[in-house]
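Below: one structure, written as structure tokens.
Values below: all heavy atoms of this structure, side chains included; hydrogens, waters and symmetry mates excluded. Note that this is a predicted model, so its numbers are computed, not measured.
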Amino acid sequence: MNSRLQNKLIRGLLAAFAITETSVWSQTVTTTSPDGSVEATVENVDSNLKFSLTCSGVTILEPGQLGLTINGQDFGKGISSLSETASGAENDSYPWRGVKSTAVNRCNTREITVSEPDGNWTMELKVFNDGAAYRFVFPGSDTRSISQNELTRWKIPAGSDLWFYRAYDTASYEGIYNKTAVKNLSTGGGEKWMPLPLVAKLSDDLYLCISESGEYLYPGSIAGAMGNREIMPRIKNTTNNSFSWDGEIRTPWRTFMVGDLNALVNSDIIHNVAPPADLSKFKKGHTDWIKPGRCGWTWWSTATPSVSAGTPGMDWDRQKGYVDHAATLGFEYYLVDEGWEEPAKGWLTGTPATPWARLKELCDYADTKGVKIMVWRAWQDGAPNNKWPSRIGVETFTQREEFFNHLITAGVVGAKIDFMDSESKERLQFYHDCIEHAAQKGLMINFHGSNKPRGESRTWPNEICREGIYGMEFEIWRDLPSAWYSTVPFTRLLAGHGDFTPTSFNPDRISGTSFALQLAASIVTTSGGILCFADDMDTYINSKAFGIIKKIPVAWDETIVLPGSEIGETAAFARRKGNDWYIGIINGNATNTKSYTLDLSFLGTGTYKSAIYKDNMDTANDLIHIEGTHSATDTIEVEMRAKGGCVIYLTKETLPEKI
């Protein structure tokens, strides 16, 4: 037998029996993380493209189908072969804003060519020490139709529990996550649909979070339970069960964060795979004008259950007083919210009557107090659903240009844009156009009535926050379960920042939770860029928490999820800003008190002064404030009410002032 024929036969046998790992003839491509702990496997099994994931030898995802239907043709089924066409590694870091000040991007990368009878396409894979991400790339220049149902199936290991909220409508991602055993997932009716991120507990200290990132014009995905522990990604907001795409198709990165709760909260995967900011698209070619901060807000505290546009908090004659309160609290911002442009609110002056002169007057006044102004507007005329015909939106370039120019002339630094209420391709185009337009103008944006984040704040850091969360807003209309406060940090907020608008000391609007839990929520939830406190600012000024609220940061240098944290039960966070530590502990249990031993071994050397704000065990509507000194060898015993909490501030400098 000649050598050429012999080599051909050998290559054929290797491909047929899939016994190689990463060669151009292989049918299995295995990629490990830099530290060797996470292993992702892509393989051809009976002509089907399969994906699986392990961590330290433990199964994270069992082998499951991958693929997409384009122009009615299934890709990922009936494949001919796989080949690794490129490999590499990434190892860098960059400034971040949120749970820590520096993000680390360290991964091994692969490009895998999937060969099919009708052409080749690429699967791009990145494997990190705390998980993995992949996406599909289909070459082409024509317009194609993509089915809303992927062929992909993510197979969750037996015995796992899942946290998700049941909904097919993801207009605003306002839902409460609950726990369901994977074996009990319904595969029929409305209960089968699970918006991302989806969190699975695989064992005592091993979790998986599935979400997506990048490719911001690709419609958002939800997950569907398909039986046999398999989850299918499905595109939302389509017409005739598909959507069109021009040119090369790049799906979003499907992200898989793996580890204990501390690893999930600190994971950088979602923003690592998002495109970095192109500074040429930002005013003056830099982003130094984007500054995190706390924000005073009056819409929530003055709204009623039958809230309509123009709450009393928007009355013109109250605005300078609110700015005064924000300044007293040391807040960097004050937000003028919905209703300020309504004629009855007193903002309109001149001929024709407009609110712009008043807005400039307010900004000029706020400047003397060291406070910057942000302003609300709906995204579309009459939004939502033409309910307010007099409203003018910012849907078009012309509308945005006019609105943004008025804001800049007045001295406003950012806008809150509301009621997009869709994750369709067309609506995502608006997000992109709006945030890019704002970047060029030097304006920050807080999106409300929005979808989940998908890494946008890396590409557009002027996205100072977004809603897409079931937050304190709902205490206006219904109870917010105490368990949600200890669930949201480990579910929705894993996808990125969220405008939860925490912390109220109004007993009628906290559903029986304690003042200490409410205070801890401002530390445990991650807003990333702007922290809007829900309650009337005068309430904070006259509370025992006045001093600590003046100090609570928005963006942290370091975050540690402390031992004993458990989804829906206990959220215990230690956050560092500079040399100071802020500890927030929440007991989400609605019926049982809880004791927690705080181990201070994370502290540096030396002695720290402490200010503790804890539950009054006799009444939920009070804080006990005590001071002391501690070091890294100490522990602090914390007693919490049912629906209770605790905040501890540790510093070597000056303790917060007391009322």
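One distance of note links OG of Ser145 with CD1 of Ile70; it measures 9.5 Å at 0.5 Å rounding. Interatomic distance, CD of Glu212 versus OG1 of Thr255, reported as 7.5 Å (0.5 Å rounding).
Figure legend: cation-pi geometry between Arg254 and Trp154 absent, as NZ or CZ is not positioned both under 6.0 Å from the six-membered ring centre and within 45° of its axis.
With hydrogens and angles disregarded, a donor-acceptor distance shorter than 3.5 Å links the side chain of Thr503 to the backbone of Gln518. In this structure a side-chain-to-backbone donor-acceptor pair under 3.5 Å is missing from Thr122 to Thr113. The main-chain N or O of Gly382 is never found under 3.5 Å from a side-chain atom of Asn386 such that the two would form a donor-acceptor pair. A donor-acceptor pair is defined here as one N or O able to donate and one able to accept, closer than 3.5 Å; no such pair exists between the side chain of Trp245 and the backbone of Arg144. Side chain of Trp163 to main chain of Thr491: no donor-acceptor pair is present (N/O by atom type, distance under 3.5 Å, no hydrogens or angles).
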- Does the pair Tyr431 and Phe447 meet the rule for a ring pair (Phe, Tyr, Trp, His ring centres under 6.0 Å), with working shown? CA-CA 9 Å; Tyr431 280 99; Phe447 286 119; 4.9 Å; yes

- Item | Chi angles and distances behind the side chain to side chain donor-acceptor pair (under 3.5 Å) call for Thr31, Asn108 | CA-CA 7 Å; Thr31 308; Asn108 289 327; over 6 Å; no

- Query: Run the side chain to side chain contact (heavy atoms under 4.5 Å, CB included) check on Thr487 and Lys179 step by step: do they pass?
  - Reply: CA-CA 10 Å; Thr487 301; Lys179 183 171 73 170; over 6 Å; no

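Counting heavy atoms of neighbouring residues, nucleotides and ligands inside a 6.0 Å radius, atom CG of Asp142 exceeds 12 of them. Heavy atoms from other residues, nucleotides or ligands lying under 6.0 Å from CG of Asn184 number more than 12.
Applying the salt bridge (Lys or Arg N to Asp or Glu O under 4.0 Å) rule to Lys100 yields the partners Asp268; only residues at least two apart in sequence or on another chain are considered.
Between Lys50 and Glu43 no salt bridge is recorded (no basic side-chain N to carboxylate O distance below 4.0 Å). A salt bridge is absent between Glu215 and Arg250; no separation between the charged side-chain nitrogens and carboxylate oxygens falls under 4.0 Å.
When each of Val199, Ile469, Thr525, Ile176 is tested with Arg492 by the rule side-chain contact (heavy atoms from CB on, under 4.5 Å), just one qualifies, namely Ile469.
Nearest heavy-atom pair, Ser267 versus Asp130, reported as atom, atom and distance to 0.1 Å: OG-OD2, 3.0 Å.
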